[in-house]
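What follows is a short report on a single structure.
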Amino acid sequence: MIRIDGKGLLLTGLFFAAAGASGCGRKEELQTETPQAQGDSIVVGFSQLGSESDWRSAYTKSIEEAFTEENGYTLVFDNGRQRQENQLKAVRNFILQEVDYILLSPVVETGWDSVLQEAKDADIPVLVADREVDVEDESLYTAWVGSDFKAEGTAMGQWLETYLEEQGRENEEINIVILQGTLGSSAEIGRTEGFEEIASQHPNWNILAKETGEFTTAKGREVMEAFLDRYADIDVLVSQNDDMTFGALEAMDEDGRTYGTEGEITVLSFDAVSAAFDLMEEGKINADHECNPIQGPLLSELIKKLEAGETIEKAYYVEEQIFTPENAAANRQERMY
Ligand code: AHR
């Protein structure tokens, strides 16, 4: 595998080279050397959006394990470090390098039309992975693989409905704060929309605040501290990923608030990574909606089908479920993340 950092600089395997004849004004920044394919392997450029969360690490691992030399690939990895401009540069590098396929995990949904048009003009199929792109012309990418983020948000809202009913609290005023992920990302948009749709059916559910914690522990903690300063009475925290939840729990500990199955604040989280299973087993997270990062094998299978001239679907949803303290211990067995 070949790694490129967020600035488009090669970390192993290749020499930096200035662009040749190209209409691109930023060509001096671009990596144009064609990656050294191993034998007749398929060269895949992967623009990963960042390394902000445990989930993201599991996703990267899944891609690296699927796109190996033994499996017939040369993988060129670029970490966009949460910046769309880095990802745009990475995709342009891949085009100049004439890779065979591009995998794009986009940090936000919009702003991809031009670069995807450039990939299409260069006849390089793009598979969008994890989050979605919002483009005018869907023929700009070949297929998308990922989670149904809106369904995740809806399911979490429905889980809360049932939970409150079981507690005999369905008619109480319920004060909710939401820690959102990166604004404009599919994971944030879908989880917010899905949960709010259910919340809107309950006039007694008050969404006190929603703010981005950028899918990171540090920012999750910071925003939760502000929520706790602002609101004395919080019944439910909806945290759109586990890393933000970890930070929020620290903030609640410091503020002396109780949470989880025995506490005042019900904690709902997303991802269901291994450390979150530990917290569920301790009763500190009430429910966690899985976000399935094991997408590498399917993406590889799709590329093999394209290589064989087969037609593939436009969208593939991965399977996911909700975990709770009651079923956490049994369900975590044999999980890969
Ligand atoms: O796009 C998936 C989301 O991105 C995961 O929920 C989150 O942990 C990651 O940062």
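Whatever order the structure lists them in is the order used to number ligands and atoms, beginning at 1. When reading the values below, keep in mind they use all heavy atoms of this one structure, side chains included, and skip hydrogens, waters and symmetry mates.
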task: Kindly indicate, with the supporting measurements, whether the criterion salt bridge (Lys or Arg N to Asp or Glu O under 4.0 Å) is fulfilled by Arg81 and Glu52.
output: CA-CA 8 Å; Arg81 302 187 193 285; Glu52 73 287 358; over 6 Å; no
task: Show your working on side-chain hydrogen bond (donor to acceptor under 3.5 Å, both in side chains) between Asp242 and Ser269 and close with a plain yes or no.
output: CA-CA 6 Å; Asp242 285 337; Ser269 191; 2.6 Å; yes
side-chain hydrogen bond (donor to acceptor under 3.5 Å, both in side chains) evaluation trace for Thr324 with Glu326: CA-CA 5 Å; Thr324 62; Glu326 293 74 41; 3.0 Å; yes
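For Phe323 and Phe277, the gap between ring centers is short of 6.0 Å. Remark: aromatic rings of Phe195 and Trp159 are distant, center separation not under 6.0 Å.
Under 4.0 Å from ligand 1, the heavy atoms of Arg191 that appear belong solely to its side chain.
For the side chain to side chain donor-acceptor pair (under 3.5 Å) with Tyr259, the qualifying choice from Asp253, Thr266, Asn286 is Asp253, the only one to do so.
Close approach to Glu52 involves these atoms of ligand 1, each under 4.0 Å from a residue heavy atom: 4 (O), 9 (C), 10 (O). Residue contact check: Ser53 has heavy atoms under 4.0 Å from atoms 7 (C), 8 (O), 9 (C), 10 (O) of ligand 1. Atoms of ligand 1 lying under 4.0 Å from any heavy atom of Arg131, numbered from 1 in the order shown and given with element: 1 (O), 3 (C), 4 (O), 9 (C), 10 (O).
Here the protein heavy atom with the shortest distance to atom 5 (C) of ligand 1 is Asp271 OD1, 3.3 Å. Closest protein heavy atom to atom 2 (C) of ligand 1: Asp130 OD1, 3.4 Å.
On a distance-only criterion, Trp55 and ligand 1 share no N/O pair closer than 3.5 Å.
For Glu214, the closest heavy-atom approach to ligand 1 does not fall below 4.0 Å.
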